[in-house]
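The next block holds one structure in the form of structure tokens; read it before the comments.
Numbering of residues begins at 1 and proceeds along the displayed sequence. Please read all numbers here as calculations on a predicted model, not as lab measurements.
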Amino acid sequence: MTTDTTGTAARDGEPRRGGPADSPFVRACRREPGPHTPVWFMRQAGRSLPEYREIRANVPMLESCRRPELVTEITLQPVRRHGVDAAILFSDIVVPVAAAGIDLDIVPGTGPVVAEPVRTAADVERIKPIARDDVSYVDEAVRLLVAELGDTPLIGFAGAPFTLASYLVEGGPSRTHAKTKALMYGDPELWHALCARLAEVTLAFLRVQVDAGVSAVQLFDSWAGALSEADYRRYVLPHSAHVLAGLADAGVPRIHFGVGTAELLGAMGEAGADVVGVDWRTPLDVATRRIGPDKAVQGNLDPAVLLAPWEVVESQVRRIVDQGRAAPGHVFNLGHGVLPETDPEVLTRVVALVHELSARPAA
């Protein structure tokens, strides 16, 4: 029996039509035809929107993630403004790690900073399992959003074990991931113990979101591109696969995304997602050949292109829509998050253009 909180899955395991389950976004994730290519943008609820900057003024990031009514408003802002085909929950990948007992803060201009980095077996023991009550504010926010969004699907998300581990081991963001790799290579047993624990935290966090009603989930492995394919398969793939397998009966599409992962796309597809996100470095038709015919793709406009003149943006959007036709399902997105200096009007125009270029006649 499948979990059924969104209308995405029926009790017999078959998709049920109507509502978010029949939206262009969910249909594309399931490699089913729809009226047009769906569009949403990573970081669409964020610093490019003046209404976001206004509502977030003087509210620290972690605190804003723990206020359900504020999360609801921020999540809805890009849906109202841009007409995107899906909302994504406003949160941060370190929220469940903080709930698991790690002392951290999200520092403006820097990112997550960990008070005591995790580098020993005793440090790993400090990471506690989480349950719904530990992140009840997320459960409440999702339920509020599902009621507000109606037929528009809501995407839940979490950070993948490798990316979370990197923040914890480094103590914050890193360009080289040197301490992370030193632990990974130097003490594989401890590394796998850390990632296994983070995988359980991540899975529990995503389960809370699914049970509250999200229509899809995205697993962000932002820093996986720092690894070779061999190292990814040995040190990362088993833990991401554990998370995604734990959601196999959830009745919602699973998206897996990383940056700089051109050589990892096939392996990331093997981890168990229904959709593989592709950054801007790899054309979607090439990515589809690497991932295989049984996965949809998501992407992959370079976020910096949005700062160029409109004729350049239009040309690149046309190229990506055309290349996306090689995939069995395509969700238009950026190859990473919206840059803060992006003009929101350009995002609105991109949504309209993708819908126009991909419009299909009614069956």
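Counted within 6.0 Å of CD on Glu311, heavy atoms from surrounding residues, nucleotides or ligands total more than 12; the atom is thus considered enclosed. Residue-environment remark: CZ (Arg281) exceeds the threshold of 12 foreign heavy atoms within 6.0 Å.
For residues 57-86, there are no ring-ring contact (aromatic ring centres under 6.0 Å, His included) pairs, not counting sequence neighbours. Residue pairs meeting the side-chain hydrogen bond (donor to acceptor under 3.5 Å, both in side chains) criterion with at least one partner in residues 149-164, sequence neighbours excluded, are Thr163-Asp221. For residues 287-301, every residue pair satisfying the side-chain hydrogen bond (donor to acceptor under 3.5 Å, both in side chains) rule, not counting sequence neighbours, is listed here: Trp40-Gln298, Gln218-Gln298.
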Checklist entry - Checking salt bridge (Lys or Arg N to Asp or Glu O under 4.0 Å) for the pair Arg207/Asp249: CA distance, chi angles, key distance, verdict? => result CA-CA 11 Å; Arg207 273 287 181 183; Asp249 66 344; 2.3 Å; yes
Item to check | Evaluation steps, ring-ring contact (aromatic ring centres under 6.0 Å, His included), between Phe162 and Tyr235 | outcome: CA-CA 8 Å; Phe162 174 79; Tyr235 296 109; 9.4 Å; no
Next on the checklist: side chain to side chain donor-acceptor pair (under 3.5 Å) for His242 and Glu200? Distances and angles first, verdict last.
Outcome noted: CA-CA 8 Å; His242 179 79; Glu200 292 299 339; 2.7 Å; yes
Checklist entry - Checking side chain to side chain contact (heavy atoms under 4.5 Å, CB included) for the pair Phe25/Val39: CA distance, chi angles, key distance, verdict? => result CA-CA 8 Å; Phe25 168 74; Val39 189; over 6 Å; no
Checklist entry - Can you check side chain to side chain contact (heavy atoms under 4.5 Å, CB included) on Gln209 and Val138, steps first, answer last? => result CA-CA 7 Å; Gln209 296 174 61; Val138 172; 3.8 Å; yes
Next on the checklist: Applying salt bridge (Lys or Arg N to Asp or Glu O under 4.0 Å) to Glu51 and Arg81, what does each step give before you reach the verdict?
Outcome noted: CA-CA 10 Å; Glu51 56 266 43; Arg81 180 186 273 265; 2.8 Å; yes
Item to check | Pair Glu148-Arg143, salt bridge (Lys or Arg N to Asp or Glu O under 4.0 Å): steps then yes or no | outcome: CA-CA 9 Å; Glu148 290 282 343; Arg143 293 180 190 276; over 6 Å; no
Item to check | Worked verdict on Asp85 versus His355 for side chain to side chain donor-acceptor pair (under 3.5 Å) | outcome: CA-CA 10 Å; Asp85 292 286; His355 287 173; 2.6 Å; yes
Next on the checklist: For a side chain to side chain contact (heavy atoms under 4.5 Å, CB included) check, start with the C-alpha distance between Leu244 and Leu219, then their side-chain angles and the critical distance, and finish with the verdict.
Outcome noted: CA-CA 8 Å; Leu244 294 167; Leu219 188 66; 4.1 Å; yes
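Cluster note: Leu307 groups with Leu339 through ILVMFWY side-chain heavy atoms spaced under 4.5 Å, whether in direct contact or through intervening members.
Note on Arg318 versus Asp322: no salt bridge recorded, every NZ/NE/NH1/NH2 to OD/OE distance being 4.0 Å or above. Salt-bridge annotation for Asp123 and Arg126: present, with a side-chain N of the basic residue lying under 4.0 Å from a carboxylate O of the acidic one. Asp22 has a carboxylate O that lies under 4.0 Å from a charged side-chain N of Arg27, or vice versa, which qualifies the two as a salt bridge. Salt bridge absent: Glu140 and Arg67 never bring a charged side-chain N and a carboxylate O closer than 4.0 Å. A salt bridge does not link Glu345 to Arg349: none of the charged nitrogens lies less than 4.0 Å from a carboxylate oxygen. Taking the charged nitrogens against the carboxylate oxygens, Arg47 and Glu341 have no contact shorter than 4.0 Å, which rules out a salt bridge.
For Glu69, the side-chain hydrogen bond (donor to acceptor under 3.5 Å, both in side chains) criterion is met by no residue, not counting sequence neighbours. Judged as a side-chain contact (heavy atoms from CB on, under 4.5 Å), and not counting sequence neighbours, the contacts of Lys179 are Arg119, Val169, Glu170.
Phe90 has its side chain out of reach of Thr72: every pair of non-hydrogen atoms, C-beta onward, lies at least 4.5 Å apart. For the pair Thr342 and Phe41, the minimum side-chain heavy-atom distance is 4.5 Å or more. Counting heavy atoms from C-beta on, the side chains of Val252 and Asp274 never come closer than 4.5 Å.
Minimum heavy-atom separation, Glu229 to Glu263: OE1-O, 3.8 Å. Summarising the geometry of Tyr52 relative to Arg56, their closest heavy-atom pair is OH-NH1, 2.6 Å, with the distance given to 0.1 Å. Summarising the geometry of Phe257 relative to Gly335, their closest heavy-atom pair is CZ-O, 3.2 Å, with the distance given to 0.1 Å. Considering all non-hydrogen atoms of both residues, Ser91 and Val95 come closest at OG-CG2, 3.5 Å. Summarising the geometry of Lys128 relative to Val201, their closest heavy-atom pair is O-CG2, 3.8 Å, with the distance given to 0.1 Å.
The aromatic rings of His177 and Trp223 are tilted relative to each other, their planes meeting at an angle between 30° and 60°.
Val107 and Leu168 sit in two unconnected hydrophobic clusters of ILVMFWY residues. Membership requires side-chain heavy atoms under 4.5 Å apart, directly or through other members.
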